[in-house]
Engineer: 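To start, I am sharing the structure in question, which I have written as structure tokens.
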Amino acid sequence: MAATLAYYPGCSLKSSSKFYEASIQKIFGRYGITLKEIEDWSCCGASAAHTVDERLGHALAARNLALAEREECDLFAPCSACYNRAKVTNEMIRSDAVLHAQMNRAIEPLQTSAAIEVKNIIEVLDDYVGAEVIAKDRKYDLSSLKVVPYYGCVLTRMMRVKPYDDKENPESMDRLLFAAGLEVLRWPFKMECCGASKTLTNKEMTRRLSDRIMDMAITLGADAIVTPCPLCQMNLDLLPALGRSKESLPVLFLSEVFELALYGKMLGAGSHMISAEKMLAKVKEA
Amino acid sequence: MNDLVNGFGFLKEMEQKTGENIGACYQCYRCTNGCPALPEMDFSPHRLIRYVILGQREKALTSKMIWSCLQCTTCSIRCPNDIDIALVIDTLRKIAVKEGKAKDLDTWTFDRYFLDSVKKHGRLYEMETILRYKLEKKDFFGDTKMGMSMMLKGRMGLLPHNIKDRQGMKALFEKARGE
Ligand code: SF4
Ligand code: SF4
């Protein structure tokens, strides 16, 4: 199904995870989804803004929502932190007229009416491609790849806003991976926090949290960890640099799995700090 | 001092600031059981909520645990009484900083530098933010290996990303924070 979406890349996809953007562009193009990057978008402030000042966090998100509305289509935010901020602010200003008015004053002359929906990459693939097409279109055999789906902690954990999938046990990415032909393992760490917010301020803590996630994936016999979140990807991919000497599994972006299913290779293989070579050898011609 | 009247004062203050029904806590420990930051904390999340209810204002504000928290919201999602514990912690951080009682300013400092960068450029300038933080901490070599790995793979943002409407951005910061 052809579709056009307003696109909010967020800071990660323009710096540390450029290859995620390239990967998304590649597979979305293949499935007929056009992305219109929001003009002059700004940083959403991630967790920093609302920690320092709640209203500032909402105002930063509202500015981007207002810019996205001009495109007159739904907003796609691939970074889970940006997605969370945008969605929460969007729904909160819908239900809180005072906050709505305050935000519109803060972003003047821009204005937001909170009329569009905010979507993450899993929702976009679900809504505009669907499991059936994914299964039908795959060109490579990924059945010998065992993966654990790692959703990360902010994708569906929302307190006063209804998330798109279950807060504790989301299944939507599992279904997409299954449709792409991989073996999806059950595991208890779908949403376990990797500690990305403390990578600079408390490295030991981040290391401990990320190590646990990596160890669990290895114990279960996975070939790779798959995530939609650039912060999780970066953080787990940094493990050897944080001092982990044990074996580490490659951490793939969800879109990279689709590259494998469609083209048998991934453009950004060289950007991974943990090599994906061993895993890539298991990809077979269909 | 911890007489009952003062005690309820703190509970009331926190319930007002967060909009949460903190008094509903019946100490089931569910928040604590799922907390990934527990090993770094001086006391646990359920205990923090207890301190709020009992009016132990100083204990709560000067704790290390409010700064070890990752804001992952596992606790909030699981609380059977629907208390947003992560929001309580987030709110305590703001009060602690305001009253000069914060025990660990690293997280706060980093978040502030992050926001300075956004205010100035419109987008995060990673290199500048990290360097400012490192300078403040006088920690120049602690993360060299991490930085090098990122650099080699082209994953470190070395250049600023300036948006066009930087004037509007500055105004947004002032208006949102001033109101
Ligand atoms: S989970 Fe909720 S009710 Fe249970 S101890 Fe924690 S705050 Fe109290
Ligand atoms: S939000 Fe903080 S207190 Fe709650 S579970 Fe996460 S780290 Fe623990």
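Because only heavy atoms are used, hydrogens play no part in the values below, and waters and symmetry mates are left out as well, while side chains stay in. Just so we're on the same page: letters track the sequence lines, and every chain starts at 1.
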Engineer: Is B/R123 in contact with chain A via its backbone, its side chain, both, or neither, using a 4.5 Å heavy-atom distance?
Structural biologist: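 Backbone plus side chain of B/R123, per the 4.5 Å heavy-atom cut-off to chain A.
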Engineer: If we define contacts as heavy-atom pairs under 4.5 Å, which of B/E40, B/M169, B/H121, B/R112 has the most with chain A?
Structural biologist: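 Option with the top pair count is B/E40.
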Engineer: Is it the case that the side chains of B/T74 and A/R157 hold a donor-acceptor pair, with the cut-off being a distance below 3.5 Å and no angle test?
Structural biologist: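 Per modelled atom types, A/R157 and B/T74 side chains form a pair under 3.5 Å.
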Engineer: Relative to chain A, which segment of B/C69 carries a heavy atom at a distance below 4.5 Å: side chain, backbone, both, or neither?
Structural biologist: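 Interface part for B/C69: backbone (N, CA, C, O).
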Engineer: Would you compute the distance between atom NE2 of B/H161 and atom OG of A/S42 and round it to the nearest 0.5 angstrom?
Structural biologist: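 Here the interatomic distance stands at 13.5 Å.
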Engineer: Given that the side chain runs from C-beta out, which part of B/L115 has a heavy atom under 4.5 Å from chain A: side chain, backbone, both or neither?
Structural biologist: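 Side chain only.
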Engineer: Here's a test for you: under side-chain contact (heavy atoms from CB on, under 4.5 Å), which of B/I83, B/I85, B/D82, B/L87 qualifies with A/M159?
Structural biologist: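 The passing option is B/D82.
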Engineer: At a 4.5 Å cut-off on heavy atoms, which part of A/L56 comes close to chain B: side chain, backbone, both, or neither?
Structural biologist: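 Both backbone and side chain.
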Engineer: Given that the side chain runs from C-beta out, which part of A/P109 has a heavy atom under 4.5 Å from chain B: side chain, backbone, both or neither?
Structural biologist: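 A/P109 has no heavy atom closer than 4.5 Å to chain B.
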Engineer: In sequence, state the C-alpha distance, the side-chain angles, and the governing distance for B/I163 and A/R63, and then conclude on side chain to side chain contact (heavy atoms under 4.5 Å, CB included).
Structural biologist: CA-CA 13 Å; B/I163 64 165; A/R63 179 179 184 272; 3.8 Å; yes
Engineer: Looking only at heavy atoms, which two atoms of A/R55 and B/A176 are closest? And how far apart?
Structural biologist: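 Smallest interatomic distance, heavy atoms only, reads NE-O, 3.3 Å.
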Engineer: Can you say whether B/A37 sits under 4.5 Å from chain A via the side chain, the backbone, both, or neither, judging by heavy atoms?
Structural biologist: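 Its backbone and side chain both get close to chain A.
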Engineer: At a 4.5 Å cut-off on heavy atoms, which part of B/F114 comes close to chain A: side chain, backbone, both, or neither?
Structural biologist: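 Contact with chain A is through the side chain of B/F114 alone.
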Engineer: Quick one: what part of B/K164 sits under 4.5 Å from any heavy atom of chain A, side chain, backbone, both or neither?
Structural biologist: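 Both parts, backbone and side chain.
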Engineer: For residues A/L209 and B/P36, report the shortest heavy-atom separation together with the two atoms involved.
Structural biologist: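 Reported closest heavy-atom pair: CD2-O, 3.5 Å.
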Engineer: Which bit of A/C153 comes within less than 4.5 Å of chain B, counting heavy atoms only: side chain, backbone, both or neither?
Structural biologist: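 Both parts, heavy atoms under 4.5 Å.
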